[in-house]
Amino acid sequence: MCWSVPGKIINIKGKTAEVEVSGIVKNISLDLLKEASRGDYVLVHAGYAIQKVDEADAKFTIEFFNNKGKNV
Amino acid sequence: MFKFVDEYRDKDLCRRLAEGIIGISKKPFTIMEVCGGHTMSIRKNGIHKLIGSNIKLVSGPGCPVCVTSQKDIDKAIALARLNNVVVCTFGDMVDVPGTSVTLAEVKAEKGNVRVVYSVQDVLSFAKNEPDKHFVFIGIGFETTAPTIAAAIMQAKAEKIKNFSVLALNKTMPAALKAVLEDKDAKINALISPGHVSTITGTGIYKFIVDDLRISCCVAGFEPADILRAIYLLAELRENNKVSLINAYERAVKENGNEKAKYIMYEVFDSADAEWRGFGVIPASGLRIRKEFADLDAEKIFKIDVGASKEIKGCICGDILRGIKEPKNCKLFGQKCTPMKPQGACMVSSEGTCAAWYKYGE
């Protein structure tokens, strides 16, 4: 429906970012984000960054898995 | 290492989560995964076979190609037949059978259909080939609509005159209401679409929890994400609770992406839309606002396609409503295969029939 993949911003030129997704670098529009910086992870969909991936929340999810993983 | 992806594909973790689901889930339970991306991930990873027999997973209307009505497919084909017009579209659309032909067949005949990854590609075409008019077939839900709106605003600002959009975008809330209020579809809970939610936020599902008393869990797309969502929904079910949970915290915020929503509604108004399998659903689509009428292909080209007809025996509509499965379709796997698709759900890379055909029942 809306395939999106997480990629890392390696360079920014104006409103376009070079984003590395699993080894491939693509020019991605930052038009839909309030702000983004080099090193940020973003969700890429159809040539646009649609959201920043929150590293802290990602860790939280992993901890959930590890706890739930242990309890079950 | 594919960060934010590989961690959520850990086999041992998925096995333990699946065992956990079987451990806590006792009551019969039907969950609809709305999004075609979830359907594909479930089938690809065999999740439906890991979680025990009393939980049934049902696909919903969350594949943008599949829900595009026959009339709208015929409109795209009619545009492609015009001289000096190049129709640009996401790849899946080219093989969806129209009433008489497909876009792929028009492409072979006239050569003026191009498959693109992004609407940005179409803007580049328009700048580099000023002698042609480029029409982008704008399908997709709230995830994709802001990208198209941003491109329309860019075209206006940069005075790109040979670019327009056939706006076929759709929005989720009204369609979910239509699905859940359908007495034939007995749905107990929803796995809510993760990437629509990165834009909209989680609030769009509140009415489902509060008014329809059906739990919703926003989920990511990796196997552990989906298993976690099923686990959380099963927990609610067993404790007779109804709630809205965000289990895709790394990408979805409660208010979503405010800038993207602002841009979307700068360019589009909410409008009635025709969905395959549902007919017209009020306030379930997006129409280009009159300030951007010079970029609206419907206004520029006045397309009349007459009566549209679906392929006899195709039950894609019922599959999208969650009341039938591909195995209930006489054409499935016989006359309708990925090589010769009869219905949109077999064409799309997120279609339910494509998932069943590729990964089995």
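Residue numbers start from 1 in every chain, and the chains themselves are labelled A, B, ... in the order their sequence lines are given, proteins ahead of strands.
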Taking side chain as C-beta onward, heavy atoms only, is Tyr41(A) less than 4.5 Å from Arg250(B)?
no
Which residues in residues 4-17 of chain A have a heavy atom less than 4.5 Å from any heavy atom of chain B?
Ser4(A), Val5(A), Pro6(A)
Could you check which of Lys261(B), Met264(B), Lys253(B), Arg15(B) has the highest count of heavy-atom pairs closer than 4.5 Å to chain A?
Lys253(B)
Top residue by heavy-atom pair count (under 4.5 Å) with chain A, among Asn257(B), Val67(B), Thr198(B)?
Asn257(B)
Please classify the contact between Ala149(B) and chain A as side chain, backbone, both or neither, with a heavy-atom cut-off of under 4.5 Å.
neither
For Arg9(B), does the CZ atom have more than 12 heavy-atom neighbours from other residues, nucleotides or ligands under 6.0 Å away?
yes
Residues of residues 46-53 of chain A with a heavy atom under 4.5 Å from any heavy atom of chain B, in residue-number order, are Ala46(A), Gly47(A), Tyr48(A), Ile50(A), Gln51(A), Lys52(A), Val53(A)
Selection from Gly220(B), Ser348(B), Ser118(B) maximising heavy-atom pairs under 4.5 Å formed with chain A:
Ser118(B)
Side chain from CB out, backbone as N, CA, C, O: work out which of these in Tyr262(B) comes under 4.5 Å of a heavy atom of chain A, or both, or neither.
neither
Got a second to check how far Gln154(B)'s CD is from Asp31(A)'s CG, nearest 0.5 Å?
6.0 Å
Leu32(A) versus Ala150(B), closest heavy-atom pair with distance:
CD2-CB, 4.1 Å
Might you point out which heavy atoms bring His45(A) and Thr144(B) nearest each other, and give the distance in Å?
NE2-OG1, 2.8 Å
Starting at OH of Tyr248(B), measure out to CG of Asp54(A) and round the result to the nearest 0.5 Å.
12.0 Å
Smallest separation among heavy atoms of Leu30(A) and Lys259(B), with atom names
O-NZ, 4.3 Å
Residue among Asn27(A), Leu33(A), Val21(A), Val42(A) with most heavy-atom pairs under 4.5 Å to chain B:
Leu33(A)
Winner by heavy-atom pair count (cut-off under 4.5 Å) against chain A, out of Ala251(B), Ser349(B), Gly194(B)
Ala251(B)
